[in-house]
Each structure stands twice: as C-alpha cells, then as structure tokens.
J.: 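Got a structure for you, questions after.
Side-chain atoms are counted along with the backbone in the values below, which use heavy atoms only and exclude waters and symmetry mates. Note that ligands are numbered from 1 as they come in the structure, with each ligand's atoms numbered from 1 the same way.
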Amino acid sequence: MDIAKVIVDVPVRSTDRPFDYSVPDAMKVWIEVGSRVAVPFGHRTVQGFVVALEYGDVRAVPGLKPVQEVLDLMPPLSPELVELADWISERYACRKISALQAMLPTALKGKAERLISLGDEEAEPDAAIFPDEEWLPMFPGPGREERDIAEFVRGSGEVSMKQLARAFPSGAETVKFMLRRGVLKESQSIKDKLGKKKLKAIDLAVDPEAARDALASFPARSARQKEVLSYLIDLEAVLPMPLKDVLAALQVTAGTVKGLEEKGLVEITEIEVYRDPYRGRDFKPSTPLALTEEQQAAYDPIAAAVEERRHEVFLLHGVTGSGKTEIYLQTIQRCVDQGRQAVVLVPEISLTPQMVERFKSRFGSGVAVMHSRLSSGERYDEWRKIREGKAFVAVGARSAVFAPFSNLGLVIIDEEHETSYKQEEHPRYHARDVAVRRAEQGDAVVVLGSATPSLESYYAARSQSDIHFAPRLLTMSTRALGNALPRVEIVDMREELKEGNRSMFSRGLHSALAARLERGEQTVLLLNRRGFSTFVMCRSCGYVAGCPNCDISLTYHSRSDNLRCHYCGHAEPSPQVCPECGSEHIRFFGTGTQRVEEELGKLFPGIRVIRMDVDTTTEKGSHEKLLAGFRDKKADVLLGTQMVAKGLDFPDVTLVGVITADSALNLPDFRAAEKTFQLLTQVAGRAGRHSLPGEVLIQSYTPDHYSIIHASGHDYDSFVRDELRHRKELHYPPYCRLILVTLSHEEMSVALRMAENLALNLQGRARQRRWFGSLDKLSSDALDLLGPVASPIPRLKGRYRFQCIVKWRGSIDAIGLTREVADELEDSARDSGLQIGIDVDPQMMM
Ligand code: ADP
Ligand code: ZN
Ligand code: ZN
C-alpha cells in the first residue's frame, strides 16, 4: 500500500472527490481507511480522511505529495462509516467531506495552525544580516528584537504564530523578515479544538517484588514514604492511579512521593480521564421485568433476529405506556450478550435525565450518552469511550447514529416519527434512513418505536413496497401496567366565546384545574407554540412589526422588552406607537407561556407553576432542575411548549390540558395534521400513567378536524386512513418522494431568473429520459415539478429565496439529476453569489 486516497476538507465542489497522496514508510503502520490525516493542498495544509488505500508505484506518479501527518493513533472512523459517508453524500446530495465530518464530535474538527521554528541552525539571527557587531547600534530595534525572538523560539522548539504574536505584539514585521531570510521557518499542523483531559498519576517504577524488598530495608524515619509504598503494592492491580487520590487517602504531601520518585521506586505519569457528565450521580440498578403477554409477542421476533444476526427492521407501534422501553432494554441485553453493541436514538428534547437513567440503571457505565447539551469536551469523551471499546450502549440524539462501534448489532429509534431526526443543515440526512443503511451493512437489527409512527414508516410496513426499507409491524395496544388510556374531551372554544367567556381557559378546564388543586394532584398544561406568533400588531391598522432583513414577523421578548428576529438575530426596541398610523393600540399579540402563567396566577391565587420553554431552559441543567422540582411536587402545574409532551412520567399527573390544539393546523406544511395528531397523542399519554386515572382536555377552534377527533379517541388507525387518503389525492409522501431546492441571491431578479433556469433544465432533462410527467398517471416511475415560487420565507438575511419542489417516485435517479442540474447552474453563475440548497425528503417545508 503506497497511495492513500484522501477526501480533503476544502468546501468547494471541485474538490469533492478523493485526491492521491503517497504514504511515507514511517506512517505505513498507522494509516488505515478512516484515518484522519494532514495533507498539503495548494499552499495550505488541510485535514482529510483516508477513504481508500492502494498499492501503486509512487515513482510512476510524478508530483505526488506525501501525507504530512497522521492525526490520531486510532483512526476515528471505521471503514464501515467511511462507506456510509459515501452513501450519505449520494442519498442526500451533499459533499463527501461534510458527510464524513458529521460523523465526528466537533472537538475533532481540526483547524490548520501555523507553527514557527528555527530555520538553519547556523544562521545566527543577527549575524546573518549584521555581520559586523559595530553595525548593531545603528539598528538597535530589529537586531535586539530578532535576537529575542530567536531565543524565544529556540526555547520552545516550535511555537504557534499566535503565541509569538502574544509575546512580541509589535514584532510581526521582524518575524516576517526572519522568515523570508530562512532564519525562522514555518510549518503547518492540524490542531484539534480540544485535548484529552489528563491527570497526574502514580505508578510503581519497579515490580512489586522489588518494591517489597525495598520496603524491608527502609530507614525508620521514612515512615510516610513506607506507608505510600506499601499502599501502592497492595493496590498494584489498579495502578496507575490518580496521584491526588493517593495523597488524599494517606494524608501525605507531594514531597513524600517525590522522595520515593528520587529513590526510583515510583514514577509519576499521566493518565487520561473521561469527563463523565453523569459522574457522582447514583443510578439505582434495575433488573429486567417479566414481560407482559403483549410485550413478549413483540419481543420474541426482535430477539430472534438479534440472535441470528440477521438484518431486519421492525416498527414497534405501541400506545403510550405500553412498555416499549422495557423491550428496548431486554433486546439490548440480548445484543450485548453476543458481544455486539447497541445504539439508542432519542429525540433531543426527550433526552432527559429520567430517560438516561433508565439505561444507566440497567447497563451502568457501559452507557455513553451523546447530546448537544453536553460541553464539547464531555461529548468528545463519551465518543472516545465508544471508539475505544469502553462503552457498549450509546444513547443519544440524531448524530449518535454515527457512534463508532466496531460491531453494531442493534439500533433502536424511539419516537421514530420525530422530525428532529432530520438534520436541517448540511448534510441534511435523516437518522432513521441512515440507521437502516448502517444496519444493512453490518447485519444489524433496527427497531423503530412510536405510539404514532410516521406515515412513511407505517405505510412502508403495511404495503411492504418501499424501495428503501419495509419494516415488520409489531403492535401493542394496551398499557403495561394495565391502566386505561385517559379519557379525552374536546372543548369547542368558539362556543365558549359565544357564551361570553373571553379567557384562554374554558370553563371545563378551569373547573378541572380547580379540582386538581383541591386534591393536591398535578396538571400538565401544553401551549402548542408551533405556528403561534408572539408578534407585535397594531390593532387599529393591522401593521405587524417585521424584520428588515427577512420577511418574517419579529418576536416579542418580554424580558428585554424588545423585538427579535429568530432567523437573523436582528433586534429592536418594542414600539410605543404604530409607525404606520401613530395609534397607541400596538402591542404584542398571541399567547406566550408567560401570558398563560400570569393568567393562572390571576385565576388561582397562590398556584405554583413551573414554566418550561426556550426562555427557561437555556442554561445547562435547567431542564432537569425544573422537572425535578415538578417531580418533588414543588408545583401544581407544569406549563410549557412541546417540551412537556415528551417522555415525562409523573405518577401524580391526573390532568393534561391543551390550551390551543389547532394553532399549527394551518401552517403551509402537508404534515400539519400529522404533527398535530402526534403532539396531542403524546401529551394525552402523560396523564394517568400510574394508579390514578387521568383526564385530558383539548381546547380547539376547529374541533371537527379529523386529527383532533382521532387523537381524542386514541385512534391511530382511523387517523392514518383519513390522512393517507389526502396524501394520495394530492401526491404527497408516502405516495411519492420530495426534493426541495432553494435558490437564493441578494438580487430578487437574479434569484428568480436562476430558479426559472433550474426548473427548465430539470424538466428538459427529465423529459429526455422520459421521466417527466404527472404523478396522476399510473406509471411506476414519474417525476413532476412544482415552482419556482417564492419560499415561505421569501427573504432571509438579506437574500431573496425561491424554491422548486421535485415530486417523484419509482426507481429513477431523481436525486442525481437534481444535483447535476444544480451543480451546472452554480458553475455557470460562479462568483455571482448564487446559492443553491438541496433538501432530499424535506421535513420542514418552510
Ligand atoms: P412507553 O415507552 O411505551 O410509553 P414505558 O416504557 O414508559 O412505556 O412503560 C410505562 C410504564 O410501565 C413504566 O412505568 C414501566 O416501568 C412500566 N412497565 C413496562 N413494562 C412492564 C412490565 N413488564 N411489568 C411491569 N411494569 C412495566
Ligand atoms: Zn397602526
Ligand atoms: Zn431577520
């Protein structure tokens, strides 16, 4: 093997292919597929990933540059992950480098750094230019400075440009001069953003026998040293151990240890420690529960597939409280018993300590947790625990699908319908599809679990026709603890208004709340903020305060009393009078959680409310503190946005109220009904999970909508039937697939012209291949195009946006074609500032 094929970290399309580098002999043992390397590229040093190794005659390729450095002793990616990255780049029309980088923790996204060292040993700094000492006084500045700089660099061997600039703030010219003459030389290296955390440790420097002998001949006055030595001999099995632990345990000083070190009996080394985000927390061990009959019936086929190491995808459709987690835990155990590893994906907002605890209490320190609320150091350490084989279960959000296990046997995706499994930025991958692909590569099992499966997964399971995956359906329709699903009542808010109730609480919800307060039971209140605006509007003329850069309304923030744009960050003071008509009746509109909290205080003086929304959960750990407070019954009501709907399990919650069920129903998104149904079902599942019966009240202005009616009846099947009928009529997924192409430019006319151009090219080429045509036709292959139209957010950060939607089905390469056309257009419009984004299987239509 002499040639390494490397994907370089240069984010332009022309470099989106492997480049060849020769492998120096000294590196041969270290370089593998998946290694991260530093390579010369143009005039720079960049980071890259080895995606293949080939035997070849390096001499036959003139100009082949060598790999400069191998950045990790253990390759951060396995060959399987490298292959998966390749698949991702095609499936989601993204660059290979961005797929590879998505697999690594941010700490490993190295940056090139300039390093300075001394040049030619003989070239004395000042002697080179000032051969004669007598010239020196005429150039006192540079001469002395050069000497100082050279001395500084000599002292440390290699210094970064940054360190040098800090030490000699005005020496830049001199350094440049020295570099030009070769007195100093420059090299580049890739620096990781973060190092491993190291700790001073103590170890025996001789074998225990010799140490014991030394102990016998110790002078009496060295009693302390003797004590340390015999302690280390006793604990020989766990050496090296942290020095500070030894000092603390024996109450000795570092001087004592130093004495032993000087005698050559112990040595001080360093050990790596993992930053454990859950350190110091006790997890009560839990043992497997005896499965219910329904659980057993779902568990058996999954366990069989795991046992046989056979790739299969299961869709576990189980109502809230049916005990899906216990099935996950026991299948993981099965997988681990075989010496394989498991990944559990959980939506970011459900990744609560409660959730983590369920896994930690069963699998202890074998669990690594990966989510964005950890610091990047913690994330890196959890990732390393996996890579180095110290963990066998990874629990995490979306990106945990890339957990670098060597022998992955099982992937579980809880709440598989959640849109957060789709990454909205490059690479725009869907963790579910990536998981299925990864499992396919490695003969692993996938379990998709949900009380409200996505229509895509459910339809695929039912029709067994999806080209990508067709899961086997497993159903659980009763709760594991035998209690009934809560009674759900819909309250027609139009009626309330007719009868003179202008409050945001219906009379029914009001009296239900009052009853809970009296009985000392708890309530969860959900404010569906999706699509709900907290904008500022003039009641006299209808003026709405909007962002000057983006065509969306500004959001009112009561804490700072200002208006902010959620897209670009623009902020301005809240207006006192309407800028259009001068009216004073301008104020913020819509209901925020704060408003509800105030109203609750007025209606029920003394009520204790815990509010959970983006404002109260920004700080690290705040989320869990709020929940712990509610669990300890420090509040009567938990009030919040979507966050309160997921995965929470509190025994004393007997009432769930939804303030407005339908705020999201009118969003320009074909999944609006599905999302509403899912949210209502989830939140209703929070009530009466234990011995106390639960009650759910849903307030709505459109109480006849099928998503609300079916959610109130816990009737997933009927909802799916109605919803699939709509989807089929309008040609939406799962009956076809979508590609959303967004073009943006600072000038509206250019953006529009380019969008039209793209649409024409796409149509033309699809027609050539005989793909183009209406999806109404019966043919199994079809492609249709919508647009161009202005995007739902027509202007963002000063750029005008237009979009086209490709609808397609069958086995045609619609993704490849779209990318081809977009690439060509971008090339032809080079330097004009045109940007084209491709989103395959978009989840957000906005
Ligand atoms: P889901 O994830 O399907 O909503 P959970 O896994 O949270 O349901 O289970 C609901 C409750 O039932 C939990 O309190 C859990 O401990 C309990 N449970 C699950 N399986 C069993 C079982 N086999 N025996 C006893 N209790 C169980
Ligand atoms: Zn006005
Ligand atoms: Zn803006």
Side-chain angles (χ1 to χ4, degrees), residues 283-300 302-303 314-334 342 344-347 349-363 367 393 395 410-418 447-454 457-458 473-486 488 522 524 526 627 630-631 642-654 656 677-694 696 711 714 716:
F283 293 101
K284 273 185 243 102
S286 78
T287 44
L289 303 170
L291 297 179
T292 64
E293 217 170 285
E294 239 189 357
Q295 281 175 319
Q296 191 71 46
Y299 168 81
D300 287 340
I302 305 175
F314 296 92
L315 177 59
L316 178 58
H317 176 203
V319 297
T320 54
S322 56
K324 295 186 285 295
T325 311
E326 188 59 33
I327 295 183
Y328 302 157
L329 291 168
Q330 297 195 18
T331 39
I332 292 170
Q333 186 65 57
R334 205 62 178 251
V344 184
L345 300 187
V346 177
I349 55 174
S350 323
L351 204 50
T352 57
Q354 243 184 349
M355 179 53 124
V356 171
E357 187 178 342
R358 297 175 87 169
F359 292 89
K360 285 248 177 188
S361 61
R362 195 71 59 91
F363 303 110
V367 177
V393 181
V395 180
L410 176 66
V411 184
I412 286 161
I413 307 187
D414 192 31
E415 313 275 4
E416 70 88 31
H417 60 276
E418 274 292 319
V447 179
L448 310 172
S450 175
T452 52
S454 66
S457 299
Y458 191 74
L473 187 62
L474 305 167
T475 308
M476 297 197 292
S477 49
T478 55
R479 286 183 155 181
L481 296 170
N483 44 3
L485 286 165
V488 181
Q522 291 182 300
V524 169
L526 169 81
L627 291 179
F630 190 61
R631 162 171 287 195
Q642 272 73 340
M643 286 178 209
V644 302
K646 311 280 149 106
L648 310 181
D649 193 4
F650 299 110
D652 290 320
V653 172
T654 58
V656 168
F677 178 83
Q678 287 163 349
L679 181 64
L680 294 179
T681 306
Q682 288 293 332
V683 73
R686 298 307 113 215
R689 289 173 70 89
H690 296 260
S691 48
L692 299 167
V696 180
H714 305 289
Y716 177 80

J.: Using a strict 4.0 Å cut-off to heavy atoms of Leu291, name the atoms of ligand 1 that fall inside it.
T.: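 Contacts of ligand 1 toward Leu291, numbered from 1: 23 (N).
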
J.: Do Glu326 and Arg362 sit within salt-bridge range, that is, some charged N less than 4.0 Å from a carboxylate O?
T.: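 A salt bridge links Glu326 with Arg362.
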
J.: Judging by distance only, is a nitrogen or oxygen of Gly323 under 3.5 angstrom from one on ligand 1?
T.: yes

J.: Record the part of Thr325 in heavy-atom contact with ligand 1 below 4.0 Å; permitted values are side chain, backbone, both and neither.
T.: both

J.: If you measure every N or O of Glu326 against every N or O of ligand 1, does any of those distances drop under 3.5 Å?
T.: no

J.: Please state whether Arg358 comes within less than 4.0 angstrom of ligand 1, counting heavy atoms only.
T.: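 Contact check Arg358 vs ligand 1: positive.
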
J.: List in chain and number order the residues that pass salt bridge (Lys or Arg N to Asp or Glu O under 4.0 Å) with Arg631, two or more places apart in sequence or in another chain; answer none if no residue qualifies.
T.: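 Checked Arg631 against salt bridge (Lys or Arg N to Asp or Glu O under 4.0 Å); zero matches.
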
J.: Is it the side chain, the backbone, both or neither of Val319 that has a heavy atom closer than 4.0 Å to ligand 1?
T.: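 Answer for Val319: backbone.
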
J.: May I ask you to test the Thr292-Met476 pair for a side-chain heavy-atom distance under 4.5 Å?
T.: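 No, every pair of side-chain atoms sits at 4.5 Å or beyond.
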
J.: Just to be sure I read this right, does ligand 1 sit under 4.0 Å from the backbone of Glu294, its side chain, both, or neither, counting only heavy atoms?
T.: neither

J.: Heavy-atom contact check, 4.0 Å cutoff: does Gly321 meet ligand 1?
T.: yes

J.: Given that the side chain starts at C-beta and the backbone is N, CA, C, O, which of these parts of Ala451 lies under 4.0 Å from ligand 1, counting heavy atoms, or is it both or neither?
T.: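 Contact part for Ala451 vs ligand 1: neither.
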
J.: Classify the contact between Ser322 and ligand 1 as side chain, backbone, both or neither, using a heavy-atom distance cut-off of under 4.0 Å.
T.: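 Ser322 to ligand 1: contacts from backbone and side chain alike.
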
J.: Going by the atom numbers of ligand 1, which of them fall below 4.0 Å from some non-hydrogen atom of Thr320?
T.: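 Per the distance check, 4 (O).
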
J.: Is there a side-chain contact between Phe359 and Val344 in this structure, where contact means two heavy atoms from C-beta onward sitting under 4.5 Å apart?
T.: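 In short, these two side chains touch, coming nearer than 4.5 Å.
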
J.: Would you say the side chains of Gln330 and Gln295 form a donor-acceptor pair under 3.5 Å?
T.: no

J.: About how many Å separate CG of Leu526 and CG of Leu679, when rounded to the nearest 0.5 Å?
T.: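 If I round to the nearest 0.5 Å, the distance is 5.0 Å.
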
J.: Which atoms of ligand 1 are found less than 4.0 Å from any heavy atom of Ala480?
T.: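 Numbered from 1, ligand 1 contributes 12 (O), 18 (N), 19 (C), 20 (N), 21 (C), 27 (C).
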
J.: Would you please name every residue forming a salt bridge (Lys or Arg N to Asp or Glu O under 4.0 Å) with Glu294, sequence neighbours left out?
T.: none

J.: May I ask you to identify, for Gln295, whether its side chain, its backbone, both or neither come under 4.0 Å of ligand 1 on a heavy-atom basis?
T.: side chain

J.: Would you call Val653 and Phe630 a side-chain contact if the rule is heavy atoms closer than 4.5 Å?
T.: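 Side-chain contact under 4.5 Å: yes.
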
J.: Determine whether a donor-acceptor pair (N or O, by modelled atom type, separation under 3.5 Å) exists between the side chain of Glu416 and the backbone of Ser454.
T.: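 Looks like yes, one N/O pair under 3.5 Å.
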
J.: Please list, in number order, the atoms of ligand 1 under 4.0 Å from a heavy atom of Ala290.
T.: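 Contacts of ligand 1 toward Ala290, numbered from 1: 22 (C), 23 (N), 24 (N).
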
